[in-house]
K.L.:
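Mind looking over this structure? Questions follow.
As a basis for the values below, the full set of heavy atoms in this structure was taken, side chains included, without hydrogen atoms, waters or symmetry mates.
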Amino acid sequence: MTEKPEAHIGNANNMNSLAPYAANPEQTLGRQFQEPASETRNAFQRDRDRIIHSTAFRRLEYKTQVFVNHEGDLFRTRLTHSLEVAQLARGIARTLNLHEDLTEAIALAHDLGHTPFGHAGQDALNECMRDFGGFEHNLQSLRVVEKLEQRYAEFDGLNLTFEVREGILKHCAIKNAKLLGVVGQRFLDKTSPSLEAQLTNYADEIAYNNHDIDDGLRSGLITIEQLSKVELFANNLAIVKEKYPKLEQKRLIPETVRRMINTLVVDLCTYSAQNITQHQPNNIADIRQLPQLIGFSKEIADQNQKLKQFLRKNLYHHYKVNRMSAKAARIVRELFKGFFENTGLLPDEFQAYAETDKARAVADYIAGMTDRFAIREHRKLFTVEEYL
Ligand code: MG
């Protein structure tokens with residue numbers, strides 16, 4: 001099979017053309033608090049910059065998804081994951097003439113609300129918060145940018161545009177949507193978010209499925225033999241093996257993974273472009289009323305689904321990952337119980353907050369922790385030999 005390095009779908013060479021139905025920073029639905037415009041940046045660029053300078057963004061470096069942070073330096077963290085999502089999202093946005101800066105801002109912010117220890121941590125915290133409104137990482141990302149970051153004189157949060165906040169909130173339970181005002185409205189109305197928000201969601205999925213394969217193989221928890229039964233992997237592995245029959249495994253894996261990513265991205269761009277052409281939206285208001293137009297073709301959606309099933313069964317529920325998850329959940333549960341039963345153990349600012357809403361203050365404190373900070377806090381709270 002020959003590759004065509006110079007052939008582009010869409011708009012790879014032209015950074016300046018924007019489709020009429022793209023989000024436009026000059027027509028943003030605005031910020032919660034009015035501010036003068038930046039002299040040098042459009043509203044979405046400014047949002048992206050605010051996200052990069054936030055405390056929560058820096059913490060992503062020490063938060064993990066599948067592998068706990070101290071397990072090795074080679075695995076993805078939430079920071080490198082978010083950068084990969086931003087990279088994919090920008091590429092897709094440019095191909096489809098959508099607003100790159102908006103997708104980048106959404107991508108960099110989408111995981112800000114994650115607890116330490118990935119999904120194990122979030123499930124444990126949600127369980128602890130069952131009687132107090134629950135805990136959703138997606139909602140928490142919004143809470144970080146609307147409330148928890150405290151670095152501006154005139155408002156809490158980062159005061160981001162509606163379009164970025166809409167993109168961060170990719171799913172939301174109806175009972176929570178009712179509490180969120182304008183940004184939750186689309187879950188009640190069953191309307192669609194911007195195409196930029198839709199595609200960033202797919203970029204997230206493409207990024208984590210593929211980097212989990214890469215991390216999973218390198219950690220030895222899954223094998224090439226197992227993955228050879230998964231069509232999307234097998235097809236691309238066959239292409240690499242045919243072209244480079246003697247390639248060593250170290251190169252074989254990334255050569256295969258990058259082709260998988262390419263298969264998914266090309267399909268997403270091609271199929272979404274067809275969808276857009278078919279529905280003929282004139283502006284972003286039309287986009288909001290139409291069904292979601294970004295998506296995979298049926299064939300690739302099926303292949304992608306099988307890949308996710310494979311990862312769930314063989315990687316996310318590998319007994320070694322289960323052991324890590326069980327330990328992580330125990331740490332989160334014990335931290336919650338310890339702080340909830342004695343708010344005098346919380347740092348001063350959270351003690352004051354706990355006086356108005358004890359459970360939420362404890363949840364916010366724990367959710368903000370990195371993996372290693374949570375482990376250290378747990379040790380400080382429960383180990384006699386550990387002081388301070
Ligand atoms: Mg993500």
K.L.:
Ignoring hydrogens and angles, tell me if any N or O in the side chain of S272 forms a donor-acceptor pair with the backbone of C269 under 3.5 Å.
P.N.:
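Not at all, since once roles are kept as given, no pair shorter than 3.5 Å links the two residues.
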K.L.:
Mind checking ring pair (Phe, Tyr, Trp, His ring centres under 6.0 Å) for F310 and listing every partner two or more places apart, or none if nothing turns up?
P.N.:
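Here no residue qualifies.
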K.L.:
In sequence, state the C-alpha distance, the side-chain angles, and the governing distance for L232 and L264, and then conclude on side chain to side chain contact (heavy atoms under 4.5 Å, CB included).
P.N.:
CA-CA 9 Å; L232 191 57; L264 293 164; 3.9 Å; yes
K.L.:
Where the side chain of N322 meets the backbone of H317, is there a donor-acceptor pair that is under 3.5 Å apart?
P.N.:
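Flag set: sc N322 to bb H317 pair under 3.5 Å.
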K.L.:
Would you say the ring centers of F33 and Y152 fall short of 6.0 Å from each other?
P.N.:
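Ring-ring flag for F33/Y152: false, centres at least 6.0 Å apart.
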K.L.:
Does the side chain of L158 come within less than 4.5 Å of R151's, by heavy atoms?
P.N.:
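A side-chain contact under 4.5 Å exists here.
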K.L.:
Where do R143 and E149 land on the salt bridge (Lys or Arg N to Asp or Glu O under 4.0 Å) test, with the steps shown first?
P.N.:
CA-CA 9 Å; R143 202 169 153 71; E149 283 289 326; over 6 Å; no
K.L.:
Could you pull out every donor-acceptor pair under 3.5 Å between side chains of residues 172-182 and any protein atom, sequence neighbours left out?
P.N.:
residue: N176; atom: ND2; partner: E136; partner atom: OE2; Å: 3.0

K.L.:
Report all side-chain donor-acceptor pairs from residues 250-257 shorter than 3.5 Å, counting only partners two or more places apart or in another chain.
P.N.:
residue: R251; atom: NE; partner: E248; partner atom: OE2; Å: 3.2
residue: E255; atom: OE1; partner: R258; partner atom: NE; Å: 3.0
residue: E255; atom: OE1; partner: R258; partner atom: NH2; Å: 3.0
residue: E255; atom: OE1; partner: R259; partner atom: NH1; Å: 2.5
residue: T256; atom: OG1; partner: L252; partner atom: O; Å: 2.8

K.L.:
Around E299, counting heavy atoms of other residues, nucleotides and ligands shown, do more than 12 lie under 6.0 Å from its CD?
P.N.:
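Check fails, neighbour count at 12 or below.
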K.L.:
Are side-chain heavy atoms of D101 and R90 found at a separation under 4.5 Å?
P.N.:
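Contact flag for D101/R90 side chains = yes.
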K.L.:
Decide, yes or no, whether a salt bridge links R46 with E39 under the criterion of side-chain N to carboxylate O below 4.0 Å.
P.N.:
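Result for this pair is no, no salt bridge flagged.
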K.L.:
Can you list the steps and then say if D364 with Q140 is a side-chain hydrogen bond (donor to acceptor under 3.5 Å, both in side chains)?
P.N.:
CA-CA 8 Å; D364 282 345; Q140 189 72 5; 2.9 Å; yes
K.L.:
Between the side chain of S141 and the main-chain N/O of G113, is any donor-acceptor distance below 3.5 Å?
P.N.:
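Confirmed, S141 side chain pairs with G113 backbone.
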K.L.:
In a check of side-chain contact (heavy atoms from CB on, under 4.5 Å) between N304 and each of E205, M260, Q309, E231, which one passes?
P.N.:
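With N304 as partner, side-chain contact (heavy atoms from CB on, under 4.5 Å) holds for just one option, E205.
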K.L.:
Is there side-chain contact between T115 and H137, with at least one heavy-atom pair below 4.5 Å?
P.N.:
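Sidechains of H137 and T115: no contact.
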K.L.:
Tell me, do L98 and L18 make a side-chain contact under 4.5 Å, heavy atoms counted?
P.N.:
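No, every pair of side-chain atoms sits at 4.5 Å or beyond.
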K.L.:
Evaluate the criterion side chain to side chain contact (heavy atoms under 4.5 Å, CB included) for residue pair N24 and H99; output intermediate values, then yes/no.
P.N.:
CA-CA 7 Å; N24 183 340; H99 208 289; 5.8 Å; no
K.L.:
Is the terminal nitrogen or CZ of K170 (NZ for Lys, CZ for Arg) located under 6.0 angstrom from the six-membered ring centre of Y202 and within 45° of that ring's axis?
P.N.:
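No, K170 does not sit over the ring of Y202.
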K.L.:
Applying side chain to side chain donor-acceptor pair (under 3.5 Å), which residue pairs with at least one partner in residues 187-200 are found, sequence neighbours left out?
P.N.:
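Checked against side chain to side chain donor-acceptor pair (under 3.5 Å) - neighbours excluded - the pairs reaching residues 187-200 are Q185-D189.
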K.L.:
Are side-chain heavy atoms of D212 and Y316 found at a separation under 4.5 Å?
P.N.:
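Yes - at least one pair of side-chain heavy atoms lies under 4.5 Å apart.
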K.L.:
Can you check whether P25's main-chain N or O pairs, donor with acceptor, with T28's side chain at less than 3.5 Å?
P.N.:
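No: the side chain of T28 does not pair with the backbone of P25.
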K.L.:
What pairs with R48 under salt bridge (Lys or Arg N to Asp or Glu O under 4.0 Å), at least two apart in sequence or on another chain?
P.N.:
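Counting only residues at least two positions away or on another chain, R48 forms a salt bridge (Lys or Arg N to Asp or Glu O under 4.0 Å) with E104.
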K.L.:
With sequence neighbours excluded, tell me which residues meet salt bridge (Lys or Arg N to Asp or Glu O under 4.0 Å) with R333.
P.N.:
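Listed in chain order: nothing, the list is empty.
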K.L.:
Keeping R165 on the side-chain end and L160 on the backbone end, is there a donor-acceptor pair under 3.5 Å?
P.N.:
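Indeed, once roles are kept as given, a pair shorter than 3.5 Å links the two residues.
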K.L.:
Can you pull the ring pair (Phe, Tyr, Trp, His ring centres under 6.0 Å) pairs that have at least one residue in residues 271-293, sequence neighbours excluded?
P.N.:
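Found none.
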K.L.:
Excluding sequence neighbours, so at least two apart, what forms side chain to side chain donor-acceptor pair (under 3.5 Å) with D156?
P.N.:
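In terms of side chain to side chain donor-acceptor pair (under 3.5 Å), with neighbours along the sequence ignored, D156 is linked to no residue.
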K.L.:
Closer than 3.5 angstrom, by distance alone: can the side chain of D286 be matched with the main-chain N or O of P281 as a donor-acceptor pair?
P.N.:
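The answer is no, because no donor-acceptor pair under 3.5 Å joins these two groups.
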K.L.:
Is the backbone N or O of Y353 less than 3.5 Å from a side-chain atom of T356, with the two atoms forming a donor-acceptor pair by type?
P.N.:
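Yes: the side chain of T356 pairs with the backbone of Y353.
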K.L.:
Side chain of E163, backbone of L29: donor and acceptor closer than 3.5 Å?
P.N.:
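Looks like yes, one N/O pair under 3.5 Å.
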K.L.:
Checking K327 now: which residues fulfil side chain to side chain donor-acceptor pair (under 3.5 Å) with it, not counting sequence neighbours?
P.N.:
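With sequence neighbours excluded, K327 shows a side chain to side chain donor-acceptor pair (under 3.5 Å) to no residue whatsoever.
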K.L.:
Looking only at side chains, do N210 and E84 share a donor and an acceptor under 3.5 Å apart?
P.N.:
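Not at all, the side chains of N210 and E84 share no donor-acceptor pair under 3.5 Å.
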K.L.:
Provide the closest heavy-atom pair for I213 versus I222 in the form atom of the first, atom of the second, distance.
P.N.:
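In this case the closest contact between I213 and I222 is O-CD1, 4.1 Å.
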K.L.:
Can you confirm whether or not the ring centre of F382 sits under 6.0 Å from the ring centre of H378?
P.N.:
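Yes, close enough.
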K.L.:
State which residues pass salt bridge (Lys or Arg N to Asp or Glu O under 4.0 Å) with R31; sequence neighbours excluded, sorted by chain then number.
P.N.:
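For R31 the salt bridge (Lys or Arg N to Asp or Glu O under 4.0 Å) partners, ignoring immediate neighbours, are D47.
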K.L.:
If you measure from the Lys or Arg side-chain nitrogens to the Asp or Glu carboxylate oxygens, is any gap between K63 and D371 under 4.0 Å?
P.N.:
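D371 and K63: not salt-bridged.
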K.L.:
Measure across N275 and L293 and return the closest heavy-atom pair with its distance rounded to 0.1 Å.
P.N.:
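Minimum heavy-atom separation between N275 and L293: ND2-O, 3.1 Å.
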K.L.:
Dump the intermediate steps for ring-ring contact (aromatic ring centres under 6.0 Å, His included) on F132 and F340, then the final yes or no.
P.N.:
CA-CA 12 Å; F132 310 101; F340 190 80; 5.4 Å; yes
K.L.:
Answer yes or no: is there a side-chain heavy-atom contact under 4.5 Å between N201 and I106?
P.N.:
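Sidechains of I106 and N201: no contact.
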K.L.:
Decide whether Y62 and I51 are clustered together by the hydrophobic rule: side chain heavy atoms of Ile, Leu, Val, Met, Phe, Trp, Tyr closer than 4.5 Å, transitively.
P.N.:
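Hydrophobic grouping puts Y62 apart from I51.
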K.L.:
Any heavy-atom pair between the side chains of Q249 and I224 that's under 4.5 Å?
P.N.:
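Yes - at least one pair of side-chain heavy atoms lies under 4.5 Å apart.
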K.L.:
Show me the pairs that pass ring pair (Phe, Tyr, Trp, His ring centres under 6.0 Å) and involve residues 160-201, at least two apart or across chains.
P.N.:
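Checked against ring pair (Phe, Tyr, Trp, His ring centres under 6.0 Å) - neighbours excluded - no pair reaches residues 160-201.
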K.L.:
Evaluate the criterion salt bridge (Lys or Arg N to Asp or Glu O under 4.0 Å) for residue pair E355 and R360; output intermediate values, then yes/no.
P.N.:
CA-CA 10 Å; E355 281 171 27; R360 192 55 63 183; over 6 Å; no
K.L.:
Kindly state whether the ring of Y365 and the ring of F339 have centres lying under 6.0 angstrom apart.
P.N.:
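Distance test on ring centres: under 6.0 Å, yes.
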K.L.:
What pairs with K298 under salt bridge (Lys or Arg N to Asp or Glu O under 4.0 Å), at least two apart in sequence or on another chain?
P.N.:
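Applying salt bridge (Lys or Arg N to Asp or Glu O under 4.0 Å) to K298 gives D302.
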K.L.:
Thinking salt bridges, do R330 and E334 make one under a 4.0 Å N-O criterion?
P.N.:
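Looking at E334 together with R330, the answer is no, because their closest N to O distance does not fall below 4.0 Å.
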K.L.:
Are the side chains of R288 and R186 in touch, meaning some heavy atoms are under 4.5 Å apart?
P.N.:
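No, too far: nothing below the 4.5 Å cut-off.
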K.L.:
Taking Q351 for its side chain and G344 for its backbone only, find out whether a donor-acceptor pair lies under 3.5 Å.
P.N.:
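Present.
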K.L.:
I'd like to know if the side chain of N126 reaches the main chain of Q122, judged simply by a donor and an acceptor atom lying under 3.5 Å from each other, with no hydrogens or angles considered.
P.N.:
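Flag not set: sc N126 to bb Q122 has no pair under 3.5 Å.
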K.L.:
Please determine whether side chain to side chain contact (heavy atoms under 4.5 Å, CB included) holds for the pair T55 and L148, giving the CA-CA distance in whole Å, both sets of side-chain angles, and the decisive distance to 0.1 Å.
P.N.:
CA-CA 10 Å; T55 308; L148 298 178; over 6 Å; no
K.L.:
Do T103 and I92 pass the side chain to side chain contact (heavy atoms under 4.5 Å, CB included) test, and can you show the C-alpha distance, the side-chain angles, and the key distance before you say yes or no?
P.N.:
CA-CA 9 Å; T103 63; I92 297 163; over 6 Å; no
K.L.:
Is the centre of the H81 ring less than 6.0 Å from the centre of the H110 ring?
P.N.:
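That pair passes the under 6.0 Å test.
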